[in-house]
There are 2 protein chains.
Amino acid sequence: MVNKKSDKSTEEKILEAAKAVFTEKGLDGARMQDIADKAGINKALLHYYFRSKDKLFEVIFLEQAAKFMPGIIDMLTSDMPFFQKIEKFVDVYISVLIENPLLPLFILNEVNKNAQGLAKKIWGGGKPPIAGVQQAIDKEVKKGIIKPISALQLMLNMVSLCVFPFLAKPLVQFISQTNNAQFNQLMEARKKEVTKFIIDSLRK
Amino acid sequence: MVNKKSDKSTEEKILEAAKAVFTEKGLDGARMQDIADKAGINKALLHYYFRSKDKLFEVIFLEQAAKFMPGIIDMLTSDMPFFQKIEKFVDVYISVLIENPLLPLFILNEVNKNAQGLAKKIWGGGKPPIAGVQQAIDKEVKKGIIKPISALQLMLNMVSLCVFPFLAKPLVQFISQTNNAQFNQLMEARKKEVTKFIIDSLRK
DNA sequence: GTCTATATTCCGATAGAC
DNA sequence: GTCTATCGGAATATAGAC
């Protein structure tokens with residue numbers, strides 16, 4: 001084994017390199033040459049494995065999109081205690097983002113450039129079952145545990161608080177004067193902060 | 001006056017068109033031809049007024065960046081009542097975003113691609129005076145009005161809750177099944193929701 | 001200042017040898 | 001399967017007439 005990559009299949013090396021380049025530069029900014037270089041092969045081979053840049057991109061995008069879309073609806077409609085659902089969601093989601101800090105910007109960028117096409121390719125054509133979330137909330141309201149709130153607004157709040165700091169990572173690092181490791185510490189600490197912020201707001 | 005644009009200077013027409021195309025497509029995705037078409041002129045004239053695509057982009061970027069960076073620090077250190085500061089910030093910021101929904105993604109994208117260069121071009125080299133915000137918060141804590149919180153985390157929360165829905169606008173529209181006008185209504189309603197959400201969380 | 005026409009560079013994609 | 005060499009188109013940028 002000469003280096004770390006030599007025991008991986010060529011296809012795996014390409015996918016790994018493509019993920020890195022696409023998530024950093026976006027579809028338009030990425031260069032097939034860069035992907036080839038990073039994978040340690042040449043351009044022609046990229047076209048041999050994946051017909052075109054667009055095809056390669058689509059593979060990467062769908063793979064990453066699945067990672068980005070949190071199972072927030074499933075989680076909020078599960079049978080865990082309500083506040084525990086929130087804590088779990090925040091914890092898991094921020095952990096994913098610490099491991100994949102470029103993910104949110106990558107996904108949102110491409111969804112915006114391709115609004116109608118991609119948004120529906122991620123989910124099926126079906127509507128998201130947001131009504132179930134509203135029922136779960138209303139149940140807690142009736143029990144007198146939380147204040148009334150719209151399911152959409154609550155989900156927006158939860159996702160916003162988790163994701164935005166990563167979208168604005170360079171700005172946050174500038175304002176907080178932190179390096180990468182310190183930024184991750186900050187986000188680790190933020191798990192508790194966000195959970196507390198949400199629960200304190202909901203609690204009656 | 002034949003049309004709306006005929007009484008504007010050529011430079012103004014270019015800037016207007018460039019803003020529209022760059023904010024929609026980003027630096028890499030934008031085409032000089034598209035900008036020329038939208039401005040009602042030809043490509044050569046773009047280079048006559050601005051030397052290159054990059055130069056033109058920089059003008060647009062700096063102009064838009066100023067709009068995006070909210071005066072959150074100034075606002076939080078002003079002498080308004082504390083909860084009123086929050087309400088005002090949310091109201092003003094979401095209004096700006098309703099008028100410029102593409103602004104956040106545009107800015108964050110380019111800041112990320114150019115982390116070191118642009119972040120410092122926006123502000124001067126100086127550190128942001130976040131310490132003043134912490135003092136303003138601590139004062140309210142001592143008065144017994146709010147719970148203790150880090151200035152950075154609070155500012156992150158406030159900005160996250162306002163900005164993220166616009167970054168994820170296509171996804172939000174899909175989930176909430178809304179058209180543009182309905183989305184704007186949703187964001188208008190969100191002003192009160194976000195203000196309430198933040199204040200409920202901070203209040204003792 | 002504004003245009004048409006053209007030069008130049010870059011990049012995705014293909015051809016063909018091994 | 002993998003490579004080198006090259007094509008062909010697209011996009012930025014320039015030259016030069018008006």
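By convention in this document, chain letters (A, B, ...) are assigned in the order of the sequence lines, proteins followed by strands, and residues within each chain are numbered from 1.
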**Request:** Treat primed atoms plus P, OP1 and OP2 as sugar-phosphate and everything else as base, then score nucleotides 6-12 of chain C 5' to 3': B for base contact with protein heavy atoms under 4.0 Å, S for sugar-phosphate contact only, - for none.
**Result:** -----SB
**Request:** Name the closest nucleotide to the B/Tyr48 side chain, picking from D/dC3, D/dT2, C/dG1.
**Result:** C/dG1
**For atom CG of B/Asp37 and atom P of C/dT2, their distance in whole Å** = 16 Å
**Prompt:** Once you round it to whole Å, what is the distance between P of D/dT14 and OH of B/Tyr49?
**Reply:** 17 Å
**Item:** Rounded distance in Å - CG (A/Leu45) to P (C/dA13)
**Value:** 15 Å
Would you be so kind as to tabulate the donor-acceptor pairs closer than 3.5 Å made by side chains of residues 94-106 of chain B, with sequence neighbours excluded?
residue, atom, partner, partner atom, Å
B/Ser95, OG, B/Asp91, O, 2.9
B/Ser95, OG, B/Lys191, NZ, 2.7
B/Asn100, ND2, B/Val96, O, 2.9

**Item:** Rounded interatomic separation in angstrom, taking CD1 from A/Ile41 and C1' from C/dA13
**Value:** 15 Å
**Partner residues of A/Ser176 under the side-chain hydrogen bond (donor to acceptor under 3.5 Å, both in side chains) criterion, sequence neighbours left out** = A/Thr178
**Prompt:** Residues two or more places apart in sequence or in another chain: which of them pass salt bridge (charged side-chain N to carboxylate O under 4.0 Å, His left out) with A/Lys55?
**Reply:** none
Can you pull every protein N or O that's under 3.5 Å from an N or O on nucleotides 16-18 of chain C?
none

**Prompt:** If only side-chain N and O atoms of A/Asn42 are considered, is one of them under 4.0 Å from the OP1 or OP2 phosphate oxygen of D/dT2?
**Reply:** no
**Item:** Residues that A/Asn179 engages under side chain to side chain contact (heavy atoms under 4.5 Å, CB included), provided they are two or more places apart
**Value:** A/Ala181, A/Gln182
**Item:** Under the salt bridge (charged side-chain N to carboxylate O under 4.0 Å, His left out) test, residues paired with B/Glu140 that sit two or more places apart
**Value:** B/Lys143
**Request:** Taking only the side-chain nitrogens and oxygens of A/Thr10, find out if one of them lies under 4.0 Å from OP1 or OP2 of D/dG1.
**Result:** no
Please tabulate, for the side chains in residues 147-166 of chain A, all donor-acceptor contacts under 3.5 angstrom to protein atoms that are two or more places apart in sequence or on a different chain.
residue, atom, partner, partner atom, Å
A/Lys147, NZ, A/Ser201, O, 3.1
A/Lys147, NZ, B/Asp200, OD2, 2.9
A/Ser150, OG, A/Leu152, N, 3.3
A/Ser150, OG, A/Gln153, N, 3.1
A/Gln153, OE1, B/Arg190, NH1, 2.7
A/Asn157, OD1, B/Arg190, NH1, 2.9
A/Asn157, OD1, B/Arg190, NH2, 2.7
A/Asn157, ND2, A/Gln153, O, 3.4
A/Ser160, OG, A/Leu156, O, 2.6

**Request:** Answer yes or no: are there more than 12 heavy-atom neighbours, outside A/Lys67 itself, under 6.0 Å from its atom NZ?
**Result:** yes
**Prompt:** Sequence neighbours excluded, which residues qualify as salt bridge (charged side-chain N to carboxylate O under 4.0 Å, His left out) partners of B/Lys139?
**Reply:** none
